[in-house]
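See structure below.
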Amino acid sequence: MKVGIIGYEGSGKTTIFGALSGADPSLLGQQKQQIREVRVPDARIDALSAMYHPKKTIYAMIQFVDVMSGGGIGKGLDAGVLAKIREADLLAIVVRGFDNGYSAPDPKREAESMLSELLLSDMEIVERKVSRMQKEKASEQEKALFLKLQSNLESEIWLKDMGLDRSELDLLRGYQFMTLKPVIVLVNVDESEADEGHSEAVSARLGLKVPTFVLSARVESDIAQLPESDQAEFLADLGIQATARDRFIRASYAMLDLISFFTVGEDEVRAWTIKNGSTAQESAGRIHTDLAKHFIRAERMASADLLELGSEAAVRNAGKFRLEGKGYITQDGDILHIRANA
Ligand SMILES: Nc1nc2c(ncn2[C@@H]2O[C@H](COP(=O)(O)OP(=O)(O)O)[C@@H](O)[C@H]2O)c(=O)[nH]1
Ligand SMILES: [Mg+2]
(Lines give C-alpha, C1' and ligand atoms only; values in the text may rest on other atoms or scores of the structure.)
(Ligands and ions follow the chains in the order given, each with its own letter.)
Protein backbone atom coordinates (compact mmCIF):
# COMPACT_ATOMS: atom_id res chain seq x y z
CA MET A 1 0.00 0.00 0.00
CA LYS A 2 1.19 3.46 -0.88
CA VAL A 3 0.34 6.63 1.04
CA GLY A 4 0.98 9.99 -0.61
CA ILE A 5 1.63 12.80 1.87
CA ILE A 6 0.57 16.16 0.49
CA GLY A 7 -0.12 19.59 1.93
CA TYR A 8 1.02 23.18 1.87
CA GLU A 9 4.52 24.43 2.56
CA GLY A 10 5.33 24.42 6.26
CA SER A 11 2.38 22.25 7.29
CA GLY A 12 4.80 19.60 8.54
CA LYS A 13 4.76 17.02 5.73
CA THR A 14 8.41 16.17 5.97
CA THR A 15 8.31 16.00 9.76
CA ILE A 16 5.30 13.69 9.58
CA PHE A 17 6.94 11.61 6.91
CA GLY A 18 9.84 11.15 9.32
CA ALA A 19 7.51 10.21 12.16
CA LEU A 20 5.56 7.71 10.08
CA SER A 21 8.50 6.16 8.31
CA GLY A 22 11.13 6.42 11.05
CA ALA A 23 13.44 8.18 8.63
CA ASP A 24 16.41 9.98 10.15
CA PRO A 25 15.42 13.67 10.28
CA SER A 26 18.97 14.81 9.46
CA LEU A 27 18.68 13.08 6.09
CA LEU A 28 15.25 14.47 5.28
CA GLY A 29 14.78 17.32 2.89
CA GLN A 30 17.70 16.40 0.69
CA GLN A 31 15.88 14.70 -2.12
CA LYS A 32 13.09 16.09 -4.25
CA GLN A 33 10.86 13.25 -3.23
CA GLN A 34 11.23 10.86 -0.37
CA ILE A 35 9.91 7.33 -0.34
CA ARG A 36 10.19 4.92 2.54
CA GLU A 37 8.65 1.60 3.24
CA VAL A 38 7.90 0.40 6.75
CA ARG A 39 6.54 -2.75 8.30
CA VAL A 40 2.90 -2.96 9.22
CA PRO A 41 3.13 -3.94 12.88
CA ASP A 42 1.17 -7.09 13.65
CA ALA A 43 1.35 -8.88 17.00
CA ARG A 44 -0.08 -12.02 15.38
CA ILE A 45 2.91 -12.26 13.05
CA ASP A 46 5.22 -11.77 16.03
CA ALA A 47 3.52 -14.65 17.84
CA LEU A 48 3.39 -16.94 14.81
CA SER A 49 7.05 -16.30 14.16
CA ALA A 50 7.86 -17.23 17.77
CA MET A 51 5.93 -20.47 17.25
CA TYR A 52 7.41 -21.58 13.91
CA HIS A 53 10.92 -20.12 14.16
CA PRO A 54 10.92 -19.63 10.39
CA LYS A 55 13.98 -18.66 8.38
CA LYS A 56 12.12 -15.55 7.29
CA THR A 57 9.36 -13.48 8.84
CA ILE A 58 7.73 -11.14 6.37
CA TYR A 59 5.41 -8.39 7.50
CA ALA A 60 3.05 -6.48 5.25
CA MET A 61 4.66 -3.24 4.11
CA ILE A 62 3.34 0.26 3.74
CA GLN A 63 5.03 2.89 1.64
CA PHE A 64 5.06 6.59 2.43
CA VAL A 65 5.81 9.23 -0.16
CA ASP A 66 6.67 12.75 0.95
CA VAL A 67 5.68 14.95 -1.93
CA MET A 68 7.78 18.05 -1.55
CA SER A 69 6.03 20.99 -3.06
CA GLY A 70 6.65 24.66 -2.76
CA GLY A 71 3.00 25.54 -3.13
CA GLY A 72 0.99 27.79 -0.87
CA ILE A 73 -2.78 28.12 -0.62
CA GLY A 74 -4.41 29.09 -3.88
CA LYS A 75 -1.43 28.31 -6.07
CA GLY A 76 -2.89 25.07 -7.31
CA LEU A 77 -1.29 21.66 -7.56
CA ASP A 78 1.48 21.52 -10.07
CA ALA A 79 1.87 18.65 -12.48
CA GLY A 80 4.92 17.41 -10.60
CA VAL A 81 2.95 16.91 -7.41
CA LEU A 82 0.12 15.20 -9.22
CA ALA A 83 2.53 12.84 -10.94
CA LYS A 84 4.00 11.76 -7.62
CA ILE A 85 0.69 10.93 -5.99
CA ARG A 86 -0.87 9.32 -9.03
CA GLU A 87 -0.01 5.83 -7.80
CA ALA A 88 -1.01 6.42 -4.19
CA ASP A 89 -3.76 4.25 -2.69
CA LEU A 90 -4.46 6.85 -0.02
CA LEU A 91 -3.84 10.58 0.15
CA ALA A 92 -2.84 12.04 3.48
CA ILE A 93 -3.34 15.80 3.51
CA VAL A 94 -1.23 17.46 6.18
CA VAL A 95 -2.56 20.74 7.58
CA ARG A 96 -0.86 23.04 10.03
CA GLY A 97 -2.55 23.19 13.41
CA PHE A 98 0.37 24.67 15.35
CA ASP A 99 1.47 28.27 15.60
CA ASN A 100 4.67 28.75 13.64
CA GLY A 101 5.38 32.13 15.20
CA TYR A 102 4.38 34.34 12.30
CA SER A 103 0.97 33.22 11.14
CA ALA A 104 -1.92 31.76 13.09
CA PRO A 105 -2.90 28.23 12.14
CA ASP A 106 -6.01 27.74 10.04
CA PRO A 107 -6.18 23.99 9.50
CA LYS A 108 -9.78 24.04 8.33
CA ARG A 109 -9.02 26.48 5.54
CA GLU A 110 -5.91 24.55 4.50
CA ALA A 111 -7.82 21.28 4.41
CA GLU A 112 -10.76 22.66 2.46
CA SER A 113 -8.49 24.43 0.05
CA MET A 114 -6.44 21.30 -0.64
CA LEU A 115 -9.58 19.21 -1.06
CA SER A 116 -10.92 21.65 -3.61
CA GLU A 117 -7.61 21.66 -5.45
CA LEU A 118 -7.89 17.91 -5.87
CA LEU A 119 -11.40 18.38 -7.19
CA LEU A 120 -10.29 21.12 -9.56
CA SER A 121 -7.50 19.03 -10.95
CA ASP A 122 -10.02 16.32 -11.87
CA MET A 123 -12.42 18.90 -13.26
CA GLU A 124 -9.71 20.14 -15.63
CA ILE A 125 -9.12 16.63 -16.95
CA VAL A 126 -12.84 16.07 -17.41
CA GLU A 127 -13.40 19.39 -19.13
CA ARG A 128 -10.56 18.78 -21.54
CA LYS A 129 -12.02 15.41 -22.36
CA VAL A 130 -15.54 16.79 -22.81
CA SER A 131 -14.40 19.44 -25.25
CA ARG A 132 -12.37 16.86 -27.18
CA MET A 133 -15.10 14.26 -27.19
CA GLN A 134 -17.02 15.71 -30.11
CA LYS A 135 -14.10 15.35 -32.47
CA GLU A 136 -12.93 12.04 -31.07
CA LYS A 137 -14.84 8.91 -31.83
CA ALA A 138 -15.92 8.53 -28.22
CA SER A 139 -18.61 5.93 -27.57
CA GLU A 140 -22.04 7.02 -26.40
CA GLN A 141 -21.31 5.43 -23.02
CA GLU A 142 -18.09 7.38 -22.69
CA LYS A 143 -19.75 10.66 -23.63
CA ALA A 144 -22.56 10.13 -21.16
CA LEU A 145 -20.08 9.18 -18.46
CA PHE A 146 -17.90 12.25 -18.83
CA LEU A 147 -20.89 14.56 -18.90
CA LYS A 148 -22.07 12.93 -15.69
CA LEU A 149 -18.64 13.40 -14.14
CA GLN A 150 -18.65 17.02 -15.16
CA SER A 151 -22.01 17.85 -13.64
CA ASN A 152 -21.23 15.96 -10.44
CA LEU A 153 -17.84 17.58 -10.03
CA GLU A 154 -19.51 20.95 -10.48
CA SER A 155 -21.67 20.02 -7.50
CA GLU A 156 -18.46 19.18 -5.64
CA ILE A 157 -19.16 15.47 -5.59
CA TRP A 158 -16.02 13.35 -5.65
CA LEU A 159 -15.66 10.60 -8.23
CA LYS A 160 -15.43 7.99 -5.49
CA ASP A 161 -18.84 9.10 -4.20
CA MET A 162 -20.63 9.00 -7.56
CA GLY A 163 -21.55 5.34 -7.33
CA LEU A 164 -19.73 4.53 -10.56
CA ASP A 165 -20.06 0.92 -11.68
CA ARG A 166 -17.37 -1.50 -12.88
CA SER A 167 -17.72 -0.68 -16.57
CA GLU A 168 -17.59 3.05 -15.87
CA LEU A 169 -14.53 2.69 -13.68
CA ASP A 170 -12.89 0.65 -16.43
CA LEU A 171 -13.39 3.54 -18.83
CA LEU A 172 -11.73 5.88 -16.34
CA ARG A 173 -8.66 3.75 -15.84
CA GLY A 174 -5.60 5.55 -17.14
CA TYR A 175 -6.88 8.98 -16.19
CA GLN A 176 -5.64 8.67 -12.61
CA PHE A 177 -8.29 10.86 -11.08
CA MET A 178 -7.44 12.24 -7.66
CA THR A 179 -10.99 12.22 -6.29
CA LEU A 180 -11.23 8.47 -6.80
CA LYS A 181 -8.75 8.12 -3.96
CA PRO A 182 -9.65 7.97 -0.31
CA VAL A 183 -8.26 10.90 1.68
CA ILE A 184 -7.48 11.49 5.30
CA VAL A 185 -6.59 14.86 6.79
CA LEU A 186 -3.65 14.83 9.21
CA VAL A 187 -3.95 17.73 11.57
CA ASN A 188 -0.49 18.59 12.79
CA VAL A 189 -1.19 20.12 16.20
CA ASP A 190 0.95 21.90 18.74
CA GLU A 191 3.00 19.80 21.20
CA SER A 192 0.59 20.87 23.95
CA GLU A 193 -2.19 19.01 22.15
CA ALA A 194 -0.19 15.86 21.44
CA ASP A 195 -2.12 13.60 23.81
CA GLU A 196 -5.06 11.66 22.45
CA GLY A 197 -7.47 13.43 24.78
CA HIS A 198 -7.45 16.38 22.37
CA SER A 199 -8.14 14.41 19.19
CA GLU A 200 -11.89 14.51 19.23
CA ALA A 201 -12.13 18.20 20.05
CA VAL A 202 -9.69 19.08 17.27
CA SER A 203 -11.58 16.95 14.74
CA ALA A 204 -14.88 18.43 15.82
CA ARG A 205 -13.50 21.97 15.51
CA LEU A 206 -12.53 21.27 11.91
CA GLY A 207 -15.85 19.64 11.08
CA LEU A 208 -14.62 18.20 7.79
CA LYS A 209 -16.55 15.70 5.72
CA VAL A 210 -13.45 13.51 5.38
CA PRO A 211 -11.79 11.49 8.16
CA THR A 212 -9.31 13.43 10.28
CA PHE A 213 -6.32 12.18 12.18
CA VAL A 214 -4.74 14.32 14.86
CA LEU A 215 -1.06 14.19 15.77
CA SER A 216 1.85 16.36 16.78
CA ALA A 217 4.51 15.78 14.17
CA ARG A 218 7.23 17.18 16.36
CA VAL A 219 6.43 14.92 19.31
CA GLU A 220 5.92 11.89 17.10
CA SER A 221 9.14 12.36 15.18
CA ASP A 222 11.02 12.56 18.50
CA ILE A 223 9.37 9.30 19.54
CA ALA A 224 10.17 7.63 16.23
CA GLN A 225 13.85 8.27 16.86
CA LEU A 226 13.83 6.47 20.22
CA PRO A 227 14.75 2.81 20.49
CA GLU A 228 11.54 0.79 20.33
CA SER A 229 12.00 -0.42 23.91
CA ASP A 230 11.89 3.16 25.22
CA GLN A 231 8.92 4.29 23.15
CA ALA A 232 6.16 2.78 25.31
CA GLU A 233 7.21 4.60 28.47
CA PHE A 234 7.61 7.89 26.66
CA LEU A 235 4.15 7.52 25.12
CA ALA A 236 2.54 6.68 28.44
CA ASP A 237 4.03 9.83 29.97
CA LEU A 238 2.41 11.89 27.24
CA GLY A 239 -0.96 10.18 27.50
CA ILE A 240 -0.62 8.57 24.08
CA GLN A 241 -1.67 4.92 23.64
CA ALA A 242 0.22 4.10 20.50
CA THR A 243 2.58 5.87 18.15
CA ALA A 244 1.15 7.92 15.32
CA ARG A 245 2.64 5.38 12.97
CA ASP A 246 0.71 2.49 14.52
CA ARG A 247 -2.48 4.49 14.80
CA PHE A 248 -2.18 5.81 11.29
CA ILE A 249 -1.54 2.40 9.76
CA ARG A 250 -4.54 1.00 11.61
CA ALA A 251 -6.72 3.89 10.43
CA SER A 252 -5.51 3.41 6.84
CA TYR A 253 -6.33 -0.31 6.85
CA ALA A 254 -9.78 0.48 8.18
CA MET A 255 -10.37 3.25 5.63
CA LEU A 256 -9.28 1.12 2.71
CA ASP A 257 -11.13 -1.87 4.16
CA LEU A 258 -8.01 -4.02 4.15
CA ILE A 259 -7.39 -7.17 6.17
CA SER A 260 -4.49 -9.60 6.56
CA PHE A 261 -4.17 -13.31 6.15
CA PHE A 262 -1.09 -15.36 6.89
CA THR A 263 0.94 -18.20 5.49
CA VAL A 264 3.09 -20.15 7.93
CA GLY A 265 5.81 -22.76 7.83
CA GLU A 266 9.40 -23.48 8.75
CA ASP A 267 10.66 -21.46 5.83
CA GLU A 268 8.50 -18.44 6.15
CA VAL A 269 5.82 -16.78 8.22
CA ARG A 270 4.22 -14.08 6.18
CA ALA A 271 1.41 -11.53 6.21
CA TRP A 272 -0.58 -10.75 3.08
CA THR A 273 -2.84 -7.73 2.67
CA ILE A 274 -6.14 -8.13 0.86
CA LYS A 275 -9.37 -6.25 0.41
CA ASN A 276 -11.99 -7.30 2.96
CA GLY A 277 -14.47 -9.58 1.21
CA SER A 278 -11.88 -11.31 -0.98
CA THR A 279 -12.46 -14.98 -1.69
CA ALA A 280 -10.00 -17.78 -0.95
CA GLN A 281 -9.19 -17.90 -4.65
CA GLU A 282 -8.51 -14.16 -4.80
CA SER A 283 -6.38 -14.49 -1.67
CA ALA A 284 -4.41 -17.25 -3.38
CA GLY A 285 -3.85 -14.90 -6.30
CA ARG A 286 -2.30 -12.40 -3.95
CA ILE A 287 0.44 -14.98 -3.31
CA HIS A 288 0.81 -16.04 -6.93
CA THR A 289 -1.43 -15.83 -9.99
CA ASP A 290 -0.84 -19.54 -10.69
CA LEU A 291 -2.17 -20.45 -7.26
CA ALA A 292 -5.42 -18.71 -8.11
CA LYS A 293 -5.59 -20.20 -11.59
CA HIS A 294 -5.05 -23.78 -10.45
CA PHE A 295 -6.79 -23.41 -7.10
CA ILE A 296 -8.19 -26.63 -5.64
CA ARG A 297 -8.92 -25.71 -2.05
CA ALA A 298 -7.62 -23.79 0.92
CA GLU A 299 -6.71 -25.36 4.22
CA ARG A 300 -7.59 -22.85 6.86
CA MET A 301 -7.32 -22.18 10.54
CA ALA A 302 -7.79 -18.96 12.45
CA SER A 303 -4.53 -17.59 13.83
CA ALA A 304 -6.38 -16.86 17.08
CA ASP A 305 -7.22 -20.59 17.42
CA LEU A 306 -3.68 -21.67 16.64
CA LEU A 307 -2.16 -19.20 19.06
CA GLU A 308 -4.64 -20.18 21.76
CA LEU A 309 -4.37 -23.95 21.30
CA GLY A 310 -0.63 -23.97 20.71
CA SER A 311 -0.21 -26.32 17.74
CA GLU A 312 -1.72 -27.30 14.39
CA ALA A 313 -2.45 -30.75 15.82
CA ALA A 314 -4.44 -29.24 18.66
CA VAL A 315 -6.39 -27.11 16.19
CA ARG A 316 -7.21 -30.25 14.18
CA ASN A 317 -8.25 -32.13 17.31
CA ALA A 318 -10.55 -29.30 18.27
CA GLY A 319 -12.21 -29.59 14.86
CA LYS A 320 -11.15 -26.08 13.93
CA PHE A 321 -9.04 -26.94 10.92
CA ARG A 322 -11.13 -26.43 7.78
CA LEU A 323 -11.07 -27.13 4.08
CA GLU A 324 -12.52 -24.26 2.08
CA GLY A 325 -13.55 -23.89 -1.54
CA LYS A 326 -12.67 -21.04 -3.85
CA GLY A 327 -15.70 -18.97 -2.87
CA TYR A 328 -14.87 -18.90 0.83
CA ILE A 329 -14.51 -15.33 2.09
CA THR A 330 -11.14 -14.98 3.76
CA GLN A 331 -11.35 -13.60 7.29
CA ASP A 332 -8.89 -11.26 8.95
CA GLY A 333 -6.28 -13.37 10.72
CA ASP A 334 -6.87 -16.57 8.72
CA ILE A 335 -3.91 -18.83 8.14
CA LEU A 336 -4.24 -20.30 4.67
CA HIS A 337 -2.48 -23.10 2.93
CA ILE A 338 -3.48 -23.14 -0.71
CA ARG A 339 -3.71 -26.49 -2.52
CA ALA A 340 -3.34 -26.07 -6.26
CA ASN A 341 -2.77 -28.21 -9.36
CA ALA A 342 0.86 -27.47 -10.04
N1 LIG B 1 6.03 23.71 16.80
C2 LIG B 1 5.92 22.79 15.85
N3 LIG B 1 6.65 22.93 14.74
C4 LIG B 1 6.54 21.98 13.78
C5 LIG B 1 5.68 20.87 13.93
N6 LIG B 1 5.77 20.12 12.82
C7 LIG B 1 6.64 20.73 12.00
N8 LIG B 1 7.12 21.86 12.58
C9 LIG B 1 8.09 22.80 12.01
O10 LIG B 1 7.51 23.45 10.89
C11 LIG B 1 8.47 23.64 9.87
C12 LIG B 1 7.99 23.01 8.59
O13 LIG B 1 7.93 21.60 8.74
P14 LIG B 1 8.17 20.63 7.51
O15 LIG B 1 7.97 19.23 8.00
O16 LIG B 1 9.46 20.91 6.83
O17 LIG B 1 6.96 21.06 6.57
P18 LIG B 1 6.70 20.78 5.02
O19 LIG B 1 7.05 21.99 4.30
O20 LIG B 1 5.23 20.53 4.94
O21 LIG B 1 7.49 19.57 4.63
C22 LIG B 1 9.75 23.03 10.39
O23 LIG B 1 10.55 24.06 10.93
C24 LIG B 1 9.29 22.09 11.47
O25 LIG B 1 10.27 21.88 12.46
C26 LIG B 1 4.93 20.75 15.15
O27 LIG B 1 4.16 19.80 15.37
N28 LIG B 1 5.08 21.74 16.06
MG1 LIG C 1 8.86 19.24 3.24
Side-chain angles (χ1 to χ4, degrees), residues 2-36 38 63-85 88 90-115 117-118 183-199 201-203 205-206 212-226 231 234-235 237-240 242-248 251:
K2 204 169 184 173
V3 179
I5 302 173
I6 59 174
Y8 295 108
E9 186 74 27
S11 56
K13 295 181 295 296
T14 300
T15 313
I16 284 181
F17 172 78
L20 294 178
S21 70
D24 180 347
S26 67
L27 299 175
L28 291 174
Q30 295 180 355
Q31 283 163 260
K32 269 263 165 261
Q33 176 191 351
Q34 300 265 352
I35 301 180
R36 258 179 84 96
V38 300
Q63 199 178 66
F64 294 102
V65 183
D66 176 13
V67 179
M68 304 203 175
S69 74
I73 286 189
K75 288 193 190 155
L77 292 171
D78 62 65
V81 170
L82 293 172
K84 284 169 193 156
I85 52 178
L90 174 66
L91 297 179
I93 299 175
V94 178
V95 297
R96 181 169 63 87
F98 61 92
D99 202 320
N100 59 9
Y102 51 92
S103 77
D106 193 348
K108 186 177 170 68
R109 175 160 172 262
E110 276 186 29
E112 284 172 348
S113 169
M114 186 57 74
L115 290 168
E117 284 185 18
L118 294 170
V183 290
I184 185 165
V185 170
L186 305 192
V187 192
N188 183 12
V189 294
D190 189 77
E191 292 87 310
S192 63
E193 295 184 306
D195 65 286
E196 282 169 73
H198 284 92
S199 289
V202 172
S203 298
R205 216 187 306 146
L206 259 65
T212 46
F213 184 94
V214 180
L215 80 165
S216 163
R218 185 157 279 178
V219 169
E220 296 286 350
S221 68
D222 288 348
I223 295 171
Q225 296 309 310
L226 293 173
Q231 290 185 3
F234 196 82
L235 288 168
D237 282 348
L238 291 167
I240 304 175
T243 59
R245 181 201 302 188
D246 289 4
R247 289 189 295 129
F248 181 79

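Computation of the quantities below employed the complete heavy-atom set of this structure, encompassing side-chain atoms and omitting hydrogens, waters and symmetry-equivalent molecules. Read the numbers this way: they start at 1 and go in the same order the structure lists the ligands and their atoms. We're numbering straight along the sequence, starting at 1. Worth saying up front: this structure is predicted, and the values here are computed from it rather than measured.
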For Val189, which part has a heavy atom under 4.0 Å from ligand 1: side chain, backbone, both, or neither? backbone
Quick one: pull up OG in Ser113 and OH in Tyr8 and give me the separation to the nearest 0.5 Å. 2.5 Å
Apply side chain to side chain donor-acceptor pair (under 3.5 Å) to residues Ser21 and Arg245 and explain how you reach the verdict. CA-CA 8 Å; Ser21 70; Arg245 181 201 302 188; over 6 Å; no
Pair Arg218 + Glu193: basic N to acidic O under 4.0 Å: no
Kindly confirm or rule out an N or O of [X] lying under 3.5 angstrom from an N or O of ligand 1.
X: Ile16; answer: no
X: Lys13; answer: yes
X: Thr15; answer: yes
X: Gly12; answer: yes

Counting distance only, does the side-chain N/O of Glu220 pair as donor-acceptor with the main-chain N or O of Ala244 below 3.5 Å? yes
Short side-chain to backbone donor-acceptor contact, Asn188 and Arg96, under 3.5 Å: no
If you count the atoms of ligand 1 from 1 in the order shown, which ones are under 4.0 Å from a heavy atom of [X]?
X: Glu191; result: 1 (N), 2 (C), 28 (N)
X: Tyr8; result: 20 (O)
X: Ser216; result: 27 (O)
X: Ala217; result: 6 (N), 27 (O)

Kindly indicate, with the supporting measurements, whether the criterion side chain to side chain contact (heavy atoms under 4.5 Å, CB included) is fulfilled by Leu118 and Ile93. CA-CA 11 Å; Leu118 294 170; Ile93 299 175; 4.0 Å; yes
Please say which of Leu20, Leu91, Val65 ends up in a side chain to side chain contact (heavy atoms under 4.5 Å, CB included) with Ile5. Leu20
Which one of Gly97, Gly18, Gly10 has a non-hydrogen atom at the shortest distance from atom 12 (C) of ligand 1? Gly10
Examine ligand 1 and decide if any of its atoms is less than 4.0 Å from a heavy atom belonging to Asp190. no
For Leu90, side chain to side chain contact (heavy atoms under 4.5 Å, CB included) partners two or more places apart: Val3, Pro182, Ile184, Phe248, Ser252, Met255, Leu256
Metal proximity, Thr15 vs the Mg ion (ligand 2), N/O/S cut-off 2.8 Å: no
